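As the structure is a computational prediction, the values presented were derived from the model and not from experiment. Residue numbers count from 1 along this sequence. Any value given below was found using the heavy atoms of this structure, including those in side chains, with hydrogens, waters and symmetry copies removed.
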Amino acid sequence: MFHVEHEERMFKKYNVIVVGAGHAGCEAAAAAANLGSSVLLITMNMGTIAQMSCNPAMGGVAKGQIVREVDAMGGYSGIITDKTSIQFRMLNQSKGPAMWSPRAQSDRMRFAEEWRLALEKTPNVDFWQDMVSSLLVKGNTVYGVRTSIGVEIEADAVVLTNGTFLNGIIHIGEKRFGGGRTGEKAATGLTEQLTELRFEAGRMKTGTPPRVDGRSLNYSLMEEQWGDEVRGRFSYTNVEQIQEQRCCWITYTNSEVHETLKEGFEKSPMFTGRIKGLGPRYCPSIEDKINRFAERERHQIFVEPEGLNTVEIYVNGFSTSLPEDVQYRALTKIPGFGNAKMFRPGYAIEYDYFPPTQLNLTLETKLISNLFFAGQINGTTGYEEAASQGFIAGINAHQKVHDKHELIMKRSESYIGVLIDDLVTKGTEEPYRMFTSRAEHRLLLRQDNADIRLSPIGHELGLISDERLAKVNDKIKNSDAIVAYTKNKSIGQSAVNGLLEELGTSTISQNVKLFNLLSRPQVSFNDLKKADSDLAELLSKYDIETIEQAEIKIKYESYFDKELEIVEKMKRMEDRSINPDFNYNQLVSVSKEAREKLMKIKPRTLGQASRISGVSPSDISVLMVHLTR
């Protein structure tokens, strides 16, 4: 009797339990708690909250846009990244703004510490170190969890963010052992229960490279790669950043490296078939690269510091599961690595995931009410994809248990919407990674306007303050004022022709509006300031982001207008909702494959139905006619 009373005192009933404290779990816990839910974050190791299991970096192509979107709506990933970044680069600046993607190297230890401190400062978050071995389910509704030490904790909703831990197996050459990450045990029990509850499960694989001692490398044989001179940031909150920046380096493999790696192929778990799970297509292991791209004489290696004060180096581009002695011998043949000391070998990890077509667009499972999945359990790869899913799952878990409206992100408004719609509608059989090419409307979904697109949603939910929304509205108003000025102000030949010649663009023969000159790709605000002192005075009143926003609007105005027209047309399909209980088997003129797919996915809208693989435009026409009736 005493034990029960003690347990009741320890564990009240929570609104939301989050299982796993990686990037998805941390964002889920923070979002639900900041909305007002009581949250219990359960992790197998309190010392590895928000651990960067793979590379010490956030962002990159399309991934940087996702981090900015999470920040724009009130998530923490952007803030934590800015507080702990030791190098910042805006990628793809030679291309159009739809391709610009922020990326930051992080101090790995500080990143995890800042996340933990942020969660500890969040009043509604409690912590418990233990392994969740099963869910408490009654009928088709989850009501809590059971841990490996036999503790039962009740909750209104549960968010599973198990990462690579579900029945995880680590492979190094012919060695294999259970683990969710090197030095950490795998999680067992949940997959078995979920399959009993009729969930479909699968296996995936990812990998990580060896880490080496930076003191043992010869950097003079490598190319330096510094960050941007004018340092950018992820968060719209202007948190204080580390002042020091660190250099990264680039080196390359060669034929000698490749020949040494091939010596281990007969012991490679990937080539011998011991690994059953599919690995990430766009981030293959080094042995996979030299096997698939045999014609390539070299592959790029990024040499990345793990932090400001550590000598540990991450060998990006050298992910491998070959025997450790082969890894070491091949490493020492890379320029700059001749005397390298290895801290820990690379390895592959195989783990369970659940095909995400079993989810609703809220990330709640279709089979079990109030149960949400986020992150690698859904078949994604990458911190950023995981963080955004955790953020949305945390919001929707809170909304569900408090009888509030669900949050479904649209493809036309965010990369997060593209990610979730792709997963739920199309599914994935290999680790899913976000690319700008996956977004139909990427010109509208830029990293520079994430606050304009999404902060109103965060504000409506209660995650963005009035003050922060006012700042967004000021950015819109001020950038529009700059654009209006350029449409009204003319400039003459004598003032600008010399500058235009310098810039390699045609001169003018009569007065021209500044807007028309700025529409040229060669001409920027920085250039025109030299020719128009009034413009220089106007721009001095505004910050860099506002000016950048105005310049992008000017250069791409006609393209934006066309894109918005397409979005409006698509919106009519997206707004045509479908009853989740609709019986597609009654549509006899729709193909059998399409009926099966539609019954499985149960799309929420006509637009979502049109994106299901195996559903043709003619099937959609039949469905549209039926819905109109």
Side-chain angles (χ1 to χ4, degrees), residues 52-57 60 87 103 105-106 108 164 170-173 175 181-182 205-219 221-225 246-265 267-271 275 279-294 296-307 310-350 381-383 431 433:
M52 293 180 124
S53 309
C54 204
N55 62 322
Q87 188 193 96
R103 184 182 190 272
Q105 289 294 133
S106 290
R108 183 190 297 279
T164 59
I170 291 172
H171 297 263
I172 305 174
K175 304 180 182 81
R181 198 160 39 207
T182 184
K205 169 204 102 96
T206 189
T208 193
R211 277 40 161 206
V212 300
D213 186 337
R215 297 168 299 184
S216 65
L217 303 183
N218 182 354
Y219 298 104
L221 300 176
M222 308 179 200
E223 301 168 23
E224 286 189 345
Q225 187 185 52
R246 284 283 183 268
C247 184
C248 294
W249 293 267
I250 296 173
T251 184
Y252 296 88
T253 62
N254 51 47
S255 57
E256 207 178 349
V257 175
H258 298 178
E259 289 307 312
T260 305
L261 289 167
K262 286 176 185 174
E263 291 172 19
F265 278 13
K267 294 182 178 178
S268 164
M270 195 173 73
F271 296 139
I275 291 179
R281 178 192 300 263
Y282 305 102
C283 189
S285 64
I286 189 67
E287 57 265 38
D288 198 15
K289 283 184 205 172
I290 63 175
N291 187 51
R292 278 165 53 190
F293 308 109
R296 295 272 294 274
E297 293 179 3
R298 66 178 194 170
H299 294 281
Q300 202 167 40
I301 300 292
F302 295 94
V303 179
E304 301 176 346
E306 295 262 4
T310 179
V311 298
E312 190 168 2
I313 293 288
Y314 181 87
V315 190
N316 195 343
F318 204 82
S319 174
T320 180
S321 58
L322 290 171
E324 64 276 14
D325 59 322
V326 176
Q327 292 184 36
Y328 176 71
R329 282 189 289 114
L331 264 181
T332 58
K333 292 176 170 59
I334 296 173
F337 281 73
N339 298 311
K341 293 178 182 174
M342 191 190 286
F343 277 174
R344 38 189 167 146
Y347 62 87
I349 181 162
E350 205 177 0
T381 179
Y383 308 145
R433 180 179 179 181

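Qualifying side-chain hydrogen bond (donor to acceptor under 3.5 Å, both in side chains) partners for E287, counting only residues two or more places apart in sequence or in other chains: T320, S321. Remark: K341 pairs with D213, S216 by the side chain to side chain contact (heavy atoms under 4.5 Å, CB included) rule, at least two apart or across chains. When the side-chain hydrogen bond (donor to acceptor under 3.5 Å, both in side chains) test is applied to S268, no partner is found at least two apart in sequence or on another chain. With sequence neighbours excluded, no residue forms a side-chain hydrogen bond (donor to acceptor under 3.5 Å, both in side chains) with E223. Every residue meeting the ring pair (Phe, Tyr, Trp, His ring centres under 6.0 Å) condition with Y219, not counting sequence neighbours, appears here in chain and number order: W249. Applying the salt bridge (Lys or Arg N to Asp or Glu O under 4.0 Å) criterion to R329, with sequence neighbours excluded, gives E263. By the side chain to side chain contact (heavy atoms under 4.5 Å, CB included) test, E324 pairs with I172, K175, P345, sequence neighbours left out. Residues passing the side chain to side chain contact (heavy atoms under 4.5 Å, CB included) test with E297, sequence neighbours excluded: none. Applying the ring pair (Phe, Tyr, Trp, His ring centres under 6.0 Å) rule to Y252 yields no partners; only residues at least two apart in sequence or on another chain are considered. Residues that satisfy the side-chain hydrogen bond (donor to acceptor under 3.5 Å, both in side chains) test with T251, not counting sequence neighbours, are absent from this structure. The salt bridge (Lys or Arg N to Asp or Glu O under 4.0 Å) test applied to E256 returns no partner, not counting sequence neighbours.
The shortest heavy-atom contact between Q105 and P305 is NE2-O, 4.0 Å. A pairwise comparison of heavy atoms in A330 and L261 identifies CB-CD2, 3.6 Å as the closest pair. Considering every non-hydrogen atom in both G346 and Q327, the closest pair reads N-OE1, 2.7 Å.
Donor-acceptor pairing under 3.5 Å is lacking for the side chains of R298 and T253.
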Show me the donor-acceptor pairs within less than 3.5 Å that the side chains of residues 311-318 make with the rest of the protein, sequence neighbours left out.
unit_1: E312; atom_1: OE2; unit_2: R344; atom_2: NE; d: 2.9
unit_1: E312; atom_1: OE2; unit_2: R344; atom_2: NH2; d: 2.7
unit_1: Y314; atom_1: OH; unit_2: N55; atom_2: N; d: 3.4
unit_1: N316; atom_1: ND2; unit_2: E304; atom_2: OE2; d: 3.0

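Side-chain contact check for Y347 versus I170: some heavy-atom pair is nearer than 4.5 Å. A heavy-atom distance below 4.5 Å is not found between the side chains of M342 and R211.
Residue I286 holds its CD1 atom at 5.5 Å from NE2 of H258, rounded to the nearest 0.5 Å.
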